[in-house]
Amino acid sequence: MRLEISCEDRVGITQDVLNILTDYHIDLRGIEIESKGKVFLDFPTIEFTDFQTLMPKLRRVEGITDVKTTLFMPIQRERNQLRALLQTLPDPVFSVDTDGRVILVNDAVKRSLEMTDEQILSLNIDDVVCGFNISKWLDGKEVNAQAHKVRFIEQDYICDLLPVCVPDNDKQINAGAVVMLKSETRLGRQLTIINQTTGDSFNGFDAHSTAMRKVIREVKRMSELDGNMLIIGETGSGKEQIAKACHDNSSRNDGEFVTLNCASLPDDVAETELFGYAAGAFNRDEAKMGLFEQASGGTLLFDEVSEMSSILQSKLLRVLEYGTYHQVGDSRVRSIDCRIICTSCKDLVDCVDAGKFREDLYYRLNVLSVFVPPLRERKADIIALANRLLIIHSKKLGIDPPKLSKSCIEYLQGYPWPGNIRQLKNALYRAISLSDGREISHDAIQLPSCSATVTYIDENFEGSLEDEVKKFEKDMLKRLYPSYPSTRQLARKLGLSHTAIANKLREYGINKVTIKH
């Protein structure tokens, strides 16, 4: 059981909490204290009756504002994500202490050295990386990031040395370093690919808004990595286009970009679709190639991964854990060699909380993540997008692209676009198809009536007005926070006081950690 306690910064408040746990004879397994008034506790599950009395006692402690259960401790989440990110890097990576002793490596190191974990952790970095004395560098007065040419397993590498520093009051204490090796051959091939494709795969994005420019900057960097990627955004916001651009801008762009719609895949065909089957299986003379094999050397996109069934989640998790699979009717072990990108219009954290998505699979998939803002939050992009779509539609129809009238521009910018880019695309196609002039007016755009400030609510919704207002308020703050990542910036944007915004963010549990994940 894990608890998240929100509290004031008061001397002795943690001791008061520990005293209550002692009264209940609770064996505390872990405790974390954050600077933003958060205390996290990890202890074995207790009886429900004890839990019912424990929670009110904790809430009555002076300075505690809220107590609630949580799925995981912050350090557990960070450790799993860092480990997942480290293992996806294709080149050898070492973490060493201040004496150069190896304390952590990724799978690429293990495959290269062909040694047990115990043997690797008994090594000094200078035992395996030659050409530069890393231990001497660590022992220097100033340990700064450097790059050197070295040899590892009798091969030439470029070595990036990144010091690990721990803050201590007004100074930094050296705690070791991360040693990243890049094969000269691989590096040369990546530079060639980057020079050939720089900018090309992202030219299709009209990123004039601050929010979208930030997204494009992030996904460009992510596209050059090989880790699993999760793209979150509303339906029609361009998630699949971003995934395709990442594939085109990656070192895997010579391979295929294969898409699987998770919502449309029945459980009874999931295994054959993903893994294929050998000749003779199901009384078929010919073998069937699965999606993992089709995407070998390329990218496999799981579209709307939140709709994936529990059976398919289990199969995918097993493949990601071991990196191998079997075709139906074939005993040979096959290795996967594709990048996994997932899209979802739902927040997977909410799906995990609701028990509809596996937490362990979520961490496997959420190595690199990006949130694509809806069109209503990037109004500076709407007209540029509209003009680009008009050009595309005009080419298909064989006509000159018309212009947008002033009233039409104002209407497009004021509409909330619940269907995002897809809705804009369809509305413009209808308008240009029925247009007989060189200008599209406001009247030519046929869209359902919708307030720019109110989200759609089912008339049969269950709950009170207060519930719906809080739901809307939480959603708005959650979407604005990435672009205004401080209480003061957000307060200025919304015309509220700094204290009011801070209280609302605390009430809804919105912070940099929750937004990132």
Side-chain angles (χ1 to χ4, degrees), residues 84-85 87-91 107-108 186 189-205 215-233 237-265 270 273-276 288-308 312-313 315-325 327 334-345 348 361-372:
L85 178 59
Q87 298 306 335
T88 60
L89 296 175
D91 294 314
D107 286 344
R186 182 184 180 89
R189 180 166 59 88
Q190 289 177 338
L191 287 173
T192 300
I193 292 170
I194 291 171
N195 290 333
Q196 290 174 345
T197 62
T198 296
D200 292 346
S201 60
F202 291 97
N203 279 345
F205 295 92
V215 169
I216 296 303
R217 284 197 305 269
E218 289 180 352
V219 296
K220 275 186 176 181
R221 292 196 295 268
M222 292 177 185
S223 68
E224 298 168 6
L225 304 174
D226 209 35
N228 298 337
M229 187 173 176
L230 179 61
I231 305 173
I232 304 293
S237 56
K239 301 186 295 293
E240 187 170 350
Q241 185 186 7
I242 287 176
K244 182 63 166 63
C246 287
H247 167 76
D248 292 339
N249 198 57
S250 73
S251 59
R252 293 180 173 274
N253 61 357
D254 288 335
E256 287 194 42
F257 179 78
V258 182
T259 300
L260 172 68
N261 188 322
C262 297
S264 65
L265 186 64
E273 283 295 314
L274 283 175
F275 311 133
K288 174 183 173 60
M289 182 184 295
L291 295 180
F292 277 112
E293 188 175 355
Q294 290 180 42
S296 183
T299 302
L300 177 54
L301 171 66
F302 287 91
D303 191 28
E304 295 305 335
V305 70
S306 61
E307 302 300 321
M308 185 180 288
L312 186 53
Q313 289 181 40
K315 293 181 183 295
L316 178 58
L317 177 63
R318 182 174 180 83
V319 172
L320 295 180
E321 282 181 341
Y322 297 102
T324 60
Y325 67 95
Q327 276 194 334
R334 298 170 180 261
S335 299
I336 62 169
D337 179 25
C338 62
R339 185 183 192 183
I340 304 295
I341 299 181
C342 300
T343 66
S344 175
C345 63
L348 288 188
L361 179 58
Y362 168 70
Y363 285 125
R364 287 282 183 178
L365 299 178
N366 189 28
V367 176
L368 304 168
S369 62
V370 63
F371 170 74
V372 183

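This is a predicted model, so every value here is computed, not measured.
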Between Y325 and K315, is a side-chain contact (heavy atoms from CB on, under 4.5 Å) present by the stated rule, with each step listed? CA-CA 9 Å; Y325 67 95; K315 293 181 183 295; over 6 Å; no
Where is the tightest heavy-atom contact between L348 and V305, given as atom of each residue plus distance? CD1-CG1, 4.0 Å
Which heavy atom of K288 sits nearest to which heavy atom of Q327, and what is that distance? O-NE2, 3.5 Å
Determine the interplanar angle of the H247 and F257 rings, folded into 0 to 90°, and report it as parallel if under 30°, tilted if 30 to 60°, perpendicular if over 60°. tilted
Is there a donor-acceptor pair under 3.5 Å between the side chain of R339 and the backbone N or O of L225? yes
Are the side chain of K239 and the backbone N or O of G233 linked by a donor-acceptor pair below 3.5 Å? yes
Pair D226, R252 - check side-chain contact (heavy atoms from CB on, under 4.5 Å), show working. CA-CA 9 Å; D226 209 35; R252 293 180 173 274; 2.9 Å; yes
Only one of T343, L316, V258 passes side-chain contact (heavy atoms from CB on, under 4.5 Å) with F302; say which it is. L316
Can you tell me how far SG of C246 sits from CD of Q241, rounded to the nearest 0.5 angstrom? 11.0 Å
Please answer whether the main-chain N or O of E240 pairs with a side-chain N or O of D303 as donor and acceptor at a distance below 3.5 Å. no
In Å, rounded to the nearest 0.5 Å, how long is the span from CD1 of I341 to NZ of K244? 10.5 Å
Determine whether I340 and F292 satisfy the following criterion, side-chain contact (heavy atoms from CB on, under 4.5 Å), listing intermediate values before the conclusion. CA-CA 10 Å; I340 304 295; F292 277 112; 4.0 Å; yes
To the nearest 0.5 Å, tell me how far S251 OG sits from E224 CD. 9.5 Å
Measure across A295 and C338 and return the closest heavy-atom pair with its distance rounded to 0.1 Å. O-CB, 3.2 Å
Contacts of E321 that satisfy salt bridge (Lys or Arg N to Asp or Glu O under 4.0 Å) - sequence neighbours left out: none
Roughly how far, to the nearest 0.5 Å, is CE of M229 from CG of L365? 13.0 Å
Nearest 0.5 angstrom please: F202 CZ to I216 CD1, how far? 6.0 Å
Flag, side chain of E304 to backbone of C345, donor-acceptor distance under 3.5 Å: yes
Rounded to the nearest 0.5 Å, the CZ atom of F275 sits from the CZ atom of R334 at a distance of 12.0 Å
side-chain contact (heavy atoms from CB on, under 4.5 Å) between L274 and L260, intermediate numbers included: CA-CA 9 Å; L274 283 175; L260 172 68; 3.9 Å; yes
May I ask you to decide if L291's main-chain N or O and E273's side chain share a donor-acceptor pair within less than 3.5 Å? no
Which residues satisfy the side-chain hydrogen bond (donor to acceptor under 3.5 Å, both in side chains) test with S237, sequence neighbours excluded? none
